[in-house]
Amino acid sequence: MELGLVGLGKMGGNMRERIRRAGHTVLGYDRNPDLADVHSLEELVGKLEGPRVVWVMVPAGEATQSTIDELAALLQPGDVVVDGGNSRWTDDEKHAEELAAKGIGFVDCGVSGGVWGLENGYALMYGGDKEHVAKVQPVFDALKPEGDFGSVHAGKVGAGHFAKMVHNGIEYAMMQAYAEGWELLEKVDSVTDVREVFRSWQEGTVIRSWLLDLAVNALHEDEHLESLRGYAQDSGEGRWTVEAAIDNAVPLPAITASLFARFSSRQEESPQMKMIAALRNQFGGHAVEKK
């Protein structure tokens with residue numbers, strides 16, 4: 001099938017390549033002309049045969065809103081827009097309503113996989129009407145990991161981004177646990193090789209995970225994370241997860257504590273946040289602050 005892809009950064013560029021490897025045609029647009037196949041949204045839409053599917057992979061908020069507004073004026077009834085960025089689920093309902101008024105379908109899709117997705121595949125959580133999801137299904141199948149799992153039609157519009165938001169909240173808490181354990185091991189005199197302790201956990205233990213593997217990668221590159229500043233940013237989903245928990249009276253003590261721990265990293269040097277920063281850089285290519 002043909003796909004228009006808007007946004008060819010760290011995630012979008014690799015997604016374009018993975019979809020092409022599956023035999024589909026992808027026309028990509030990015031503000032950086034060195035990355036783009038076409039040089040405007042108008043040109044992108046004009047080169048796609050209807051019914052069109054256009055996947056938006058740009059930062060949440062104003063960038064996504066302005067892109068969808070422009071696409072709404074260019075696309076035709078029967079076309080579908082997919083928002084694969086990290087938008088807040090409440091925005092999805094608004095976008096779906098705006099596009100539906102013009103006969104254009106909308107699917108929201110939470111995408112997880114970071115810079116490793118090109119080779120390993122992307123975990124996909126999507127929401128929307130079945131008829132709209134069906135038009136995008138070949139792309140979902142191309143992006144997902146091999147095997148029976150890694151892709152889910154989570155529910156109606158907003159469900160995909162809500163599921164991805166909760167995924168990221170859990171991720172916050174898991175990273176915090178590894179970081180706290182690492183700091184404690186580093187602190188005591190009796191443990192002389194913290195890196196190898198972490199490495200020993202990779203097989204046969206109940207806490208083994210991909211995040212643990214990435215922690216070992218980070219420690220292999222910088223054994224005591226001495227080059228990093230103990231500062232970790234949050235990308236929004238952690239806050240939204242805590243807000244949703246408050247709205248629904250669901251206790252999330254571990255996720256909430258992990259979010260507040262990141263706030264504390266911006267006030268003073270935090271050894272734990274060195275590990276959080278290293279993990280975010282390992283799985284997502286997020287920037288780190290050097291000393």
Sidechain-backbone polar pair: [X] side chain, [Y] backbone, donor-acceptor under 3.5 Å:
X	Y	result
Lys10	Gly285	yes
Lys135	Pro138	no
Ser87	Ala60	no
His224	Glu226	no
Arg18	Leu118	yes
Glu93	Gly158	no
Asp222	Ser227	yes
Asp108	Gly160	yes
Arg262	Gln233	yes
Asn248	Ala245	no

task = Give the intermediate values and the outcome of side chain to side chain donor-acceptor pair (under 3.5 Å) for residues Gln137 and Asp141.
result = CA-CA 6 Å; Gln137 194 64 53; Asp141 292 340; 3.0 Å; yes

Give the minimum heavy-atom separation between [X] and [Y], together with the two atoms involved.
X	Y	value
Gly78	Pro51	O-CB, 3.5 Å
His153	Gly127	CD2-CA, 4.2 Å
Ala142	His24	CB-CD2, 3.9 Å
Val82	Cys109	CG1-CB, 4.1 Å
Met165	Ala244	CE-CB, 4.0 Å
Pro77	Lys102	CG-O, 3.6 Å

message = Would you call the rings of His286 and Phe283 parallel, tilted or perpendicular, taking 30° and 60° as the class edges?
response =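 Aromatic pair His286/Phe283 classed perpendicular.
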
inquiry  = Tell me whether the rings of Phe162 and Trp89 are parallel (<30°), tilted (30 to 60°) or perpendicular (>60°).
reply    =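 If you compare the ring of Phe162 with that of Trp89, the planes turn out perpendicular.
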
Would you call [X] and [Y] a side-chain contact if the rule is heavy atoms closer than 4.5 Å?
X	Y	answer
Gln76	Arg52	yes
Lys144	Tyr122	no
Ile104	Val81	yes
Trp240	Val166	no
Val152	Leu124	no
Leu219	Phe198	yes
Met57	Val6	no
Leu8	Asn32	no

Inspect the surroundings of [atom1] in [X] and state if more than 12 heavy atoms from other residues, nucleotides or ligands are less than 6.0 Å away.
X	atom1	result
Arg31	CZ	no
Glu42	CD	no
Glu97	CD	no

Tell me whether [X] shares a hydrophobic cluster with [Y], the cluster being built from Ile, Leu, Val, Met, Phe, Trp, Tyr side chains joined at under 4.5 Å.
X	Y	result
Leu225	Val216	yes
Met1	Phe106	no
Leu143	Met11	yes
Phe140	Met125	no
Val288	Tyr231	no

I need the [X] [atom1] to [Y] [atom2] distance, nearest 0.5 Å.
X	Y	atom1	atom2	result
His95	Thr90	NE2	OG1	9.5 Å
Leu74	Leu48	CG	CG	11.0 Å
Ile276	Trp182	CD1	CH2	10.5 Å
Glu186	Glu223	CD	CD	7.5 Å
Leu44	Tyr29	CG	OH	9.5 Å
Ile68	Asp92	CD1	CG	8.0 Å

key: The single option from Val136, Ile19, Leu27 passing side-chain contact (heavy atoms from CB on, under 4.5 Å) against Leu3   = Ile19

ask   = Name the one of Asp83, Leu5, Val26 that satisfies side-chain contact (heavy atoms from CB on, under 4.5 Å) with Trp55?
value =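 Of all the options given, the one that passes is Leu5.
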
message = Closer than 4.0 angstrom, basic N to acidic O: yes or no for Arg21 and Glu119?
response =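 Salt bridge: yes.
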
Which side-chain N or O atoms in residues 168-178 pair as donor and acceptor under 3.5 Å with protein atoms at least two apart or in another chain?
from, atom 1, to, atom 2, distance (Å)
Asn168, OD1, Lys164, NZ, 3.1
Asn168, ND2, Glu237, OE2, 3.4
Tyr172, OH, Ser235, N, 3.3
Gln176, NE2, Glu180, OE2, 3.0
Gln176, NE2, Gln272, OE1, 2.7
Tyr178, OH, Ile207, O, 2.5
Tyr178, OH, Ser209, OG, 2.8

I'd like to check the salt bridge (Lys or Arg N to Asp or Glu O under 4.0 Å) partners of [X]; sequence neighbours left out, ordered by chain and number.
X	result
Lys94	Glu98
Asp234	Arg239, Arg266
Glu70	none
Arg199	Glu196

query = Could you walk me through whether Asp37 and Lys47 pass the salt bridge (charged side-chain N to carboxylate O under 4.0 Å, His left out) check?
reply = CA-CA 11 Å; Asp37 303 311; Lys47 287 191 173 183; over 6 Å; no

task = Applying side-chain contact (heavy atoms from CB on, under 4.5 Å), name anything that partners Phe260, two or more places apart in sequence or on another chain.
result = Thr256, Phe263

inquiry  = Is it the case that the side chains of Asp69 and Gln65 hold a donor-acceptor pair, with the cut-off being a distance below 3.5 Å and no angle test?
reply    = yes

